[in-house]
Amino acid sequence: MLSSSLPTSLTRWRTSVVVAVLAAITLVLAACGSSGGSSNASPGGKKDYKGKTLTLWHYEAANSAMGIAWNQAIKDFKAKYPGVKVKFEEKGFEQIEKNANMILNSDSAPDLLEYNKGNATAGLLSKLGLLTNMTDAVKNYGWDKKLSASLQTTARYSKGVMGSGDWYGVPNYGEYVMVYYNKKMFAKYGVQVPRSFDQFQNVLSTFRQKGITPIANGGAEYPAQQIFYELALSKADRQFVNSYQLYDKKVDFHGPELTFGATTFADWVKKGYISKDSANMKAQDMGNAFEQGKNPIMISGSWWYGTFKNEIKNFDWGTFLFPGNQLDPGSSGNLWVVPANSKNKGLAYDFIDITMQPDIQDLLGNSGGVPVAADVSKITDPKNKELIANFDKLSKQDGLAFYPDWPTPGYYDALVAGVQELINGTKSPNAFLDEISKPYQDYVAQIGK
């Protein structure tokens, strides 16, 4: 089951005032311009790492696909550099998110850590000068040759905005939101996998008529806002995504996309497809409910795949892409980032390179992850093949729409609070859209877009 060490929420910064203060604090770091051309940026040449320590942080559970692959990478790294000590510290996702600015601006910064991608997270830290510019290392190690253009989007930032500029992180897996379903419950109630949105709503209605709440949800963290965004994407095109995520054009929060997302989400709560009790549930609670067979459907990310594969023993389960959508929440996975204060950047680069090697990528794929550089012929499990095939389908149709909380710092909290009000019925869809529009529009105005 997803533990607190998995990405069970994406907590953001509270106000732009805090951001401004942090920016002032880190002007010296920014002026130093943490260069990707720092020592040991190249894979070539003899490296004397004896006696050094690589301090590594990530928040993946040991039995998740990423946890399995990265634990093997640590073993491979130790075998390659027997004189190097690896100090691995498993951190909670929220622990890193809430304290990243303070930690990375201190001598206690690790050499390498997993960090969330997007403008509000890695983008903001790159703008503040807290992350190393890894452009030279990326080119020297050839990582840019292994990552498609769409996967590079979340690794490159210009003035904190993703999609272009220098490299401030490296992803080695992909992720996307899909529909998990309980095959045993579908069969019991004569329900077929839906192929259209209307069919999907009929499935939800069938379960509700049997007294079953069909969708597992976690309103206190990321899951609920991703369902809202998935619904909005059912009426969206790539231009909407580029406007919302990259500020290409002004976003109308009362336009057809977000209006449909908010009104349909509220309607699903009213009809009992989503429980009102889920407002205060966390992602962990959602996953537990699906594992225990309480809800036959869960709309969430591929990061659950390996855990479900290992832990669900009493029923068969499967997945399908959200019916009718050409766009789904998803992107490259979280990034390996090297703090500007890293004491061993060369070690960090070498570890990243090991995670990009075929054997680690194949292990990631066979453990239920979405590798970016695996040999697909070596992925043996049918479920895993399906997982990777659906990601490839989304990538090829330019269907990865990133995540709803990415556009602005602090937006995650605004979305959590707003969607909770939709679930509780304390705000109408229109009032909810007004509420989440303000911080978005304020930030866009602040950066001059």
Side-chain angles (χ1 to χ4, degrees), residues 7 10 65 116-119 146-156 162-164 171-181 193-201 222-223 225-249 251 255-258 260-261 264-265 297-305 318-335 365 368-374 376 379 383-407 415:
L10 312 173
N116 195 42
K117 64 279 177 197
N119 299 338
K146 295 184 177 182
L147 295 168
S148 67
S150 62
L151 294 177
Q152 292 183 23
T153 299
T154 57
R156 302 176 64 185
M162 67 181 181
S164 64
N172 63 12
Y173 69 98
E175 62 182 37
Y176 64 102
V177 172
M178 69 196 81
V179 181
Y180 292 85
Y181 73 105
V193 172
R195 302 299 177 191
S196 68
F197 184 72
D198 287 343
Q199 289 178 5
F200 187 47
Q201 294 212 99
Y222 67 86
Q225 62 183 257
Q226 290 183 0
I227 296 175
F228 155 68
Y229 189 52
E230 188 81 83
L231 289 166
L233 291 173
S234 70
K235 300 296 183 183
D237 56 17
R238 175 52 61 180
Q239 182 57 63
F240 168 82
V241 174
N242 289 346
S243 297
Y244 180 78
Q245 298 283 357
L246 305 177
Y247 325 118
D248 277 6
K249 293 183 179 180
V251 176
E257 303 89 358
L258 296 172
F260 182 81
T264 305
F265 186 94
I297 292 169
M298 189 182 91
I299 303 168
S300 196
S302 51
W303 47 87
W304 291 91
Y305 213 94
T319 65
F320 53 88
L321 293 174
F322 196 85
N325 277 28
Q326 294 299 305
L327 296 162
D328 291 286
S331 69
S332 70
N334 289 327
L335 305 174
V370 182
V372 297
V376 179
I379 308 301
K383 273 190 170 67
N384 296 355
K385 284 182 178 290
E386 179 184 61
L387 174 74
I388 296 168
N390 280 336
F391 182 78
D392 288 344
K393 178 182 177 182
L394 280 176
S395 296
K396 289 176 181 177
Q397 69 188 33
D398 195 23
L400 297 171
F402 314 122
Y403 294 93
D405 61 302
W406 280 15
L415 287 173

Checking Trp406 against Asn119 for the side chain to side chain contact (heavy atoms under 4.5 Å, CB included) test, could you report, in this order, the C-alpha distance in whole Å, the side-chain angles of both residues, the deciding distance, and whether it holds? CA-CA 6 Å; Trp406 280 15; Asn119 299 338; 5.6 Å; no

Which atoms form the tightest heavy-atom contact between Gln326 and Gln397, and what is the distance? O-NE2, 3.0 Å

CE of Met298 to CD1 of Ile227, rounded to nearest 0.5 Å, is 9.5 Å

Is the backbone of Ala65 close enough, under 3.5 Å, to the side chain of Tyr173 for a donor and an acceptor to pair up by distance? no

Hey, does Tyr176 have a side-chain heavy atom less than 4.5 Å from the side chain of Leu387? yes

So how far is it from Leu246 CG to Ser164 OG, rounded to the nearest 0.5 Å? 9.0 Å

Scanning both residues in full, the closest heavy-atom pair of Gly174 with Val372 reads N-CG1, 4.0 Å

Which atom names give the shortest non-hydrogen contact between Asp405 and Gln225, and what distance separates them? CB-OE1, 3.4 Å

Euclidean distance, Leu151 CG relative to Ser331 OG, rounded to 0.5 Å: 8.5 Å

Other residues, nucleotides, ligands: >12 heavy atoms within 6.0 Å of Lys393 NZ: no

Please evaluate residues Leu400 and Asp328 with respect to the criterion side chain to side chain contact (heavy atoms under 4.5 Å, CB included), reporting the C-alpha separation (whole Å), side-chain torsions for both, the decisive distance (0.1 Å), and the verdict. CA-CA 6 Å; Leu400 297 171; Asp328 291 286; over 6 Å; no

Can you check whether Pro329 reaches Leu233 side chain to side chain, under 4.5 Å on heavy atoms? yes

When you compare the side chain of Leu231 with that of Phe322, does any pair of heavy atoms fall below 4.5 Å? yes

Measure up the Phe200 and Phe320 rings against each other and bin them: parallel (under 30°), tilted (30 to 60°), perpendicular (over 60°). perpendicular

Given 3.5 Å as the limit, does a donor-acceptor pair link the side chain of Gln199 with the main chain of Arg195, or not? yes

Between Trp303 and Tyr222, how do the two ring planes meet: parallel, tilted or perpendicular, split at 30° and 60°? perpendicular

Find the distance between CG (Asn390) and CG (Leu321) and round it off to the nearest 0.5 Å. 4.0 Å

In this structure, CZ of Phe260 is separated from NZ of Lys235 (nearest 0.5 Å) by 4.5 Å

What distance separates Ser196 OG from Asn325 CG, expressed to the nearest 0.5 Å? 11.5 Å

Partner of Pro371 under side-chain contact (heavy atoms from CB on, under 4.5 Å), chosen from Asn384, Asn172, Ile388: Ile388

Is a donor on one side and an acceptor on the other found under 3.5 Å between the side chain of Arg238 and the backbone of Asp398? yes

Is the shortest heavy-atom distance from the side chain of Lys117 to the side chain of Asn334 under 4.5 Å? yes

Would you check if the side chain of Tyr305 reaches a backbone N or O of Lys383 as a donor-acceptor pair within less than 3.5 Å? yes

Nearest atoms (heavy-atom pairs only) where Gly118 meets Met162: CA-SD, 4.2 Å

State, yes or no, whether a side-chain contact exists between Phe240 and Leu258 at a heavy-atom distance under 4.5 Å. yes

With sequence neighbours left out, the residues meeting ring-ring contact (aromatic ring centres under 6.0 Å, His included) with Tyr247 are none

Between Val177 and Glu230, is any pair of side-chain heavy atoms under 4.5 Å apart? yes

Ala401 and Leu327 have their tightest heavy-atom pair at CB-CB, 4.3 Å

How about Tyr403 and Gln226: do any of their side-chain heavy atoms sit closer than 4.5 Å? yes

Applying side chain to side chain contact (heavy atoms under 4.5 Å, CB included), run through Glu175 and Phe391 and close with a yes or a no. CA-CA 8 Å; Glu175 62 182 37; Phe391 182 78; 5.9 Å; no

Minimum heavy-atom separation for Tyr244 to Pro404, with atom names? OH-O, 2.5 Å

Compare all side-chain heavy atoms of Thr264 with those of Phe197 and state whether any distance is below 4.5 angstrom. yes

